[in-house]
Visitor: 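A single structure is presented below for examination.
Keep in mind that the numbers below use all heavy atoms, side chains included, and drop hydrogens, waters and symmetry copies. Chain A is the first sequence line, chain B the second, and so forth, proteins listed ahead of strands; every chain is numbered from 1. These numbers were taken from a predicted model, which means no experiment stands behind them.
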Amino acid sequence: MAQPLVKKDDDRDDEVDYSPFLGIEKGAVLQEARVFNDPQLDPRRCSQVITKLLYLLNQGETFTKVEATEVFFSVTKLFQSKDIGLRRMVYVMIKELSPSADEVIIVTSSLMKDMTSKTDMYRANAIRVLCRITDGTLLTQIERYLKQAIVDKNPVVASAALVSGIHLLQTNPEIVKRWSNEVQEAVQSRAALVQFHALALLHQIRQNDRLAVNKLVSSLTKGSVRSPLAQCLLIRYTSQVIRESANTQAGDRPFYDFLEGCLRHKAEMVIFEAARAITELNGVTTRELTPAITVLQLFLSSSKPVLRFAAVRTLNKVAMTHPMAVTNCNIDMESLISDQNRSIATLAITTLLKTGNESSVDRLMKQITNFMSDIADEFKIVVVEAIRSLCLKFPLKHRSLMNFLSNILREEGGFDYKKAIVDSIVILIRDIPEAKETGLLHLCEFIEDCEFTYLSTQILHFLGIEGPKTSDPSKYIRYIYNRVHLENATVRAAAVSTLAKFGAMVDTLKPRIFVLLRRCLFDNDDEVRDRATLYLNTLGGDGAVVQTGEDVKEFLFGSLDIPLVNLENSLKNYEPSEESFDINSVPREVKTQQLAEKKAPGKKPTGLGAPPAGPPSTVDAYEKLLSSIPEFANFGKLFKSSAPVELTEAETEYAVNVVKHIFDGHVVFQYNCTNTIPEQLLENVTVIVDASEAEEFAEVASKPLRSLPYDSPGQTFVAFEKPEGIPAVGKFSNMLRFIVKEVDPSTGEAEDDGVEDEYQLEELEVVAADYILKVGVSNFRNAWESMGADCERIDEYGLGPRESLAEAVNAVIDLLGMQPCEGTEVVPNNSRSHTCLLSGVYIGNVKVLVRLQFGLDGPKDVAMKLAVRSEDEAVSDAIHEIVASG
Amino acid sequence: MLMAILVSNSAGNILLERFNGIPSEERLHWRTFLVKLGADNLKGARNEELFVASQKSVYIVYTVLGGVCIYIVGKDEYDELALTEVMFVITSSIKDACGKSPSERLFLDKYGKICLCLDEIVWQGILENTEKDRIRRLIGLKPPNPTEI
């Protein structure tokens, strides 16, 4: 048994004393560990050294490979000692050192001896250690003992084996699944902990077998579960069964009575679990919710912070979907605003903001004001967002809510917090017209003393858009012009632009704005002076009260309506000459970009980014582009656009790549062409597509590119009809056809006559992966379980010899074109098996989940088990076909 | 998953830490975060009074036991209520090992025994034993009393 390092009387405990580990040093302890090699072992001394080693490890200290190996070998010698306390320490030490596979062999025989020992405690501990350090090969050797241990009459041995099973299921699922009969028997154990561990393991083994889980839940809900922990597990599994049977059974919800009964359990843990399960039921009715809410309400006034936290956290979630059901708790919730625990207070406030009615807003705001000063920024942001939603819900209350926001804007806070407030004010200004003028003034006051350049420039930009439209625009000028005096160059330049906007939009202000802009001509920053000069020369009227022309306004403040990348390219190519740069020469078509297919789900709209719409995403841009072409306008919704596929080698005369746009009944090829020869102008550019190896496709339209000047990318399109909703595949050969005209390099003018020419491009394929969208899921296991096994298809495939497991995994991911989830696309080095999880949406908007299990069969041969779940069995079959034919 | 168990002295120095499933490069962040949480909230706290916090999808339950502060971090099924259960087992086992609520010195004196207790309570992030009497017997490699199963 572990001995204290320094023997001393307990009554000296409270004295300030030196630490027994004072001045402990790794090197010295490693030296001390040589005591393990003594022929005459001193168990007490050895235990002390192990404690020191544990202290080092528990302080985050690491041992080098050599050090760890040396200690490990020494520790194994301690098996010779019969001292029980020391043996217990040895077990811990071996686990902590986690020896590598080649070292494990040293200790295996000692542990196997202990595992078959007559002493129960040796058995239990040996099982735990062996399972921690074992690999698959050793596991098959000891499997027989583990199965016996699961049903051992000593609960400690059974629990050790069961918990080992839970861990081993992650690495060796096939082996552990063979133990289900023994585990099933252990679920009936009289020992509470054994039942708890067995239940957890059995569910993990059978989680994909809906019927088995249903049976397990049915039998246990009728029988007796011996511990609150196991009862909580049972409630979770019951919820799963309810969720899965929701669509198949009519009438009363199965097992609801069981959940409701658990609300009266003596253990708080069980009560909460049941209450949460009820509140999370799909389509839960008020009648079903009421008992759970009542129980949770009682816990709001508990003396234990954990119970208050658990209750308010659950009610906060319920308030998102059923705010009315939570209103009864509002009084209790209000008293939590002053709770010492800030997490509880914040949850209470955000719940109240969701459930409160219009009449209680003012009272609530008063309470929150006191609370805001003593919480951290991260909590404050949550509150600000909740207030924004409340204001949009009750627009009549905008005055008090806007006042609240402006007050907190003046207080101390970091960038994220201030940005959240400014965003909220901007959103309120935009959505509630009555709030506009006060909101703008609040923002004006804020920039008088704003330390964040980003926020100042954004607010100035916003003021330029909204300020001139107010009843008295002149009152904002002072705030804006102050920036020209007091701020850094970036903010000054933004202020100049904003002033100019007021001058252009409000004719009566123009003379005074001109005076201010003229003063900016003496600024010491180039950009500020340039902007002032530009505006003074273009706004017109030389400061008289005249209207600024619409074309000038459009030029100065209108949206560019040109992809910025194209403008950048054209400007780079422009050589200074007599002829000024012509913005109309910039191509308006979207230049090929790397496709970012993964949409950002749930991305919140930010306030300041919104007024002039930000650059569209590539997918949106494609959709916009295609719908603007009349020939493709009736193709319906764009399902997917592929990443560009190069059809020419690098550095050839003409660079062409293609983007495949997939519609339900059509496919459009967008050929992005670039002419890299300065002496040529291409006209009437088309791609002649031979679809003889794509039988299901029929060409229906082609849109030529009228002109393709040097280094100015353009697009030509070809559209095909295909059977609706069918993932037709095929191979297409392409030929670029055009009229080429010589260009005089000195004048840049093309000759009148041209010659027809052709240019062979690479082949292009439409593959199955083109019909699957990469859409990830945040929690694969949940998604998998909630999808259910109805449309599950499982099969095994031999992938033949492969370079590595990782190469095989990537090949299958590419073949299916789905989104890898939870980082499972990464295969650890030297692993011999791997599980990869994929998710996507199949054409027709059918969600698909795939679980791939790879294993090395022999030195290089890779075997794969493919399990597919989707909302449609035909789609599950289709995925298997893709793999079978790939 | 029980992601971390951390014990510090009242000044915030780490006495013992066990992480599960937290990469080593993130451990410093957790250490700092937890110690700061304790410094902000545990001053003047009653012995064994439980405190709770949440950080994104992770829950934290922490307390003062004599001269040491104990923090437990969990996620998924180890929510604030399950962590409370774990905390109860840990505090009662430490008290059992030390004979009373430990001072920092007493905690360090009984360090080996406490390591064994934790080894019985949590195994690689999964709760294994919950009874202090049983744990006391198990760390001495004695079988549990037949009456207490």
Visitor: Any side-chain heavy-atom pair from B:Tyr59 and A:Arg313 closer than 4.5 angstrom?
Guide: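 Side chain of B:Tyr59 against side chain of A:Arg313, heavy atoms only: contact under 4.5 Å found.
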Visitor: Side chain, backbone, both or neither: which part of B:Thr130 has an atom under 4.5 Å from a heavy atom of chain A?
Guide: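 Both parts, backbone and side chain.
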Visitor: Side chains of A:Val156 and B:Arg134, heavy atoms from C-beta outward: is any pair under 4.5 Å?
Guide: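 Contact flag for A:Val156/B:Arg134 side chains = yes.
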Visitor: Taking 4.0 angstrom as the limit, do A:Arg276 and B:Asp79 come out as a salt bridge?
Guide: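 Yes, this pair counts.
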Visitor: Could you pull out all donor-acceptor pairs under 3.5 Å where a side-chain atom in residues 118-125 of chain B meets a protein atom, sequence neighbours excluded?
Guide:
{"unit_1": "B:Asp119", "atom_1": "OD1", "unit_2": "A:Lys95", "atom_2": "NZ", "d": "3.0"}
{"unit_1": "B:Asp119", "atom_1": "OD2", "unit_2": "A:Arg88", "atom_2": "NH1", "d": "3.4"}
{"unit_1": "B:Asp119", "atom_1": "OD2", "unit_2": "A:Arg88", "atom_2": "NH2", "d": "2.8"}
{"unit_1": "B:Asp119", "atom_1": "OD2", "unit_2": "A:Lys95", "atom_2": "NZ", "d": "3.2"}
{"unit_1": "B:Asp119", "atom_1": "OD2", "unit_2": "A:Arg128", "atom_2": "NH2", "d": "2.9"}
{"unit_1": "B:Glu120", "atom_1": "OE1", "unit_2": "B:Asn129", "atom_2": "ND2", "d": "3.4"}
{"unit_1": "B:Glu120", "atom_1": "OE2", "unit_2": "A:Arg88", "atom_2": "NE", "d": "3.2"}
{"unit_1": "B:Glu120", "atom_1": "OE2", "unit_2": "A:Arg88", "atom_2": "NH2", "d": "2.7"}

Visitor: At what distance, to the nearest 0.5 angstrom, does CD of B:Glu128 lie from CG of A:Leu193?
Guide: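 Here the interatomic distance stands at 8.5 Å.
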Visitor: With sequence neighbours excluded, tell me which residues meet ring pair (Phe, Tyr, Trp, His ring centres under 6.0 Å) with A:Phe309.
Guide: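 So A:Phe309 forms no ring pair (Phe, Tyr, Trp, His ring centres under 6.0 Å) with any residue.
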Visitor: Kindly indicate whether the side chain of A:Leu307, heavy atoms from C-beta on, has any atom under 4.5 Å from the side chain of B:Leu81.
Guide: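 The answer is yes, as the side chains (C-beta and beyond) meet within the 4.5 Å cut-off.
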Visitor: Does some side-chain heavy atom of A:Ser343 sit less than 4.5 Å from a side-chain heavy atom of B:Val52?
Guide: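 Heavy-atom side-chain distance check fails, nothing below 4.5 Å.
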Visitor: I need the A:Leu54 CG to B:Tyr111 OH distance, nearest 0.5 Å.
Guide: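 If I round to the nearest 0.5 Å, the distance is 7.5 Å.
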Visitor: Sort B:Leu127 into side chain, backbone, both or neither according to what part of it lies under 4.5 angstrom from a heavy atom of chain A.
Guide: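 Both parts, backbone and side chain.
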Visitor: What distance separates B:Glu17 CD from A:Leu57 CG, expressed to the nearest 0.5 Å?
Guide: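 Going from the CD atom of B:Glu17 to the CG atom of A:Leu57 covers 10.5 Å.
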Visitor: Sort B:Leu138 into side chain, backbone, both or neither according to what part of it lies under 4.5 angstrom from a heavy atom of chain A.
Guide: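 B:Leu138 touches chain A through backbone and side-chain heavy atoms alike.
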Visitor: How long is the straight-line distance from CD1 of B:Ile126 back to CG of A:Leu162, given to the nearest 0.5 Å?
Guide: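 Rounded to the nearest 0.5 Å, the CG-CD1 separation comes to 11.0 Å.
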Visitor: For B:Thr84, is it the side chain, the backbone, both or neither that has a heavy atom under 4.5 Å from a heavy atom of chain A?
Guide: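 The side chain, not the backbone.
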Visitor: Does some side-chain heavy atom of B:Glu85 sit less than 4.5 Å from a side-chain heavy atom of A:Met269?
Guide: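 The answer is yes, as the side chains (C-beta and beyond) meet within the 4.5 Å cut-off.
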Visitor: Nearest 0.5 Å, please: how far is CG in B:Asn41 from CD in A:Gln340?
Guide: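 With rounding to 0.5 Å, CD (A:Gln340) is 9.0 Å from CG (B:Asn41).
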Visitor: Would you call A:Glu96-B:Arg18 a salt bridge at under 4.0 Å N-O?
Guide: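 Yes, charged N to carboxylate O under 4.0 Å.
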Visitor: If you define the side chain from C-beta out and look only at heavy atoms, does anything of A:Tyr55 sit under 4.5 Å from B:Leu108?
Guide: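 A side-chain contact exists here, since the closest heavy-atom pair is under 4.5 Å.
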Visitor: Do B:Cys115 and A:Asn58 pass the side chain to side chain contact (heavy atoms under 4.5 Å, CB included) test, and can you show the C-alpha distance, the side-chain angles, and the key distance before you say yes or no?
Guide: CA-CA 9 Å; B:Cys115 286; A:Asn58 284 332; 3.4 Å; yes
Visitor: Given that the side chain runs from C-beta out, which part of B:Glu77 has a heavy atom under 4.5 Å from chain A: side chain, backbone, both or neither?
Guide: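 For B:Glu77, backbone and side chain are both near chain A.
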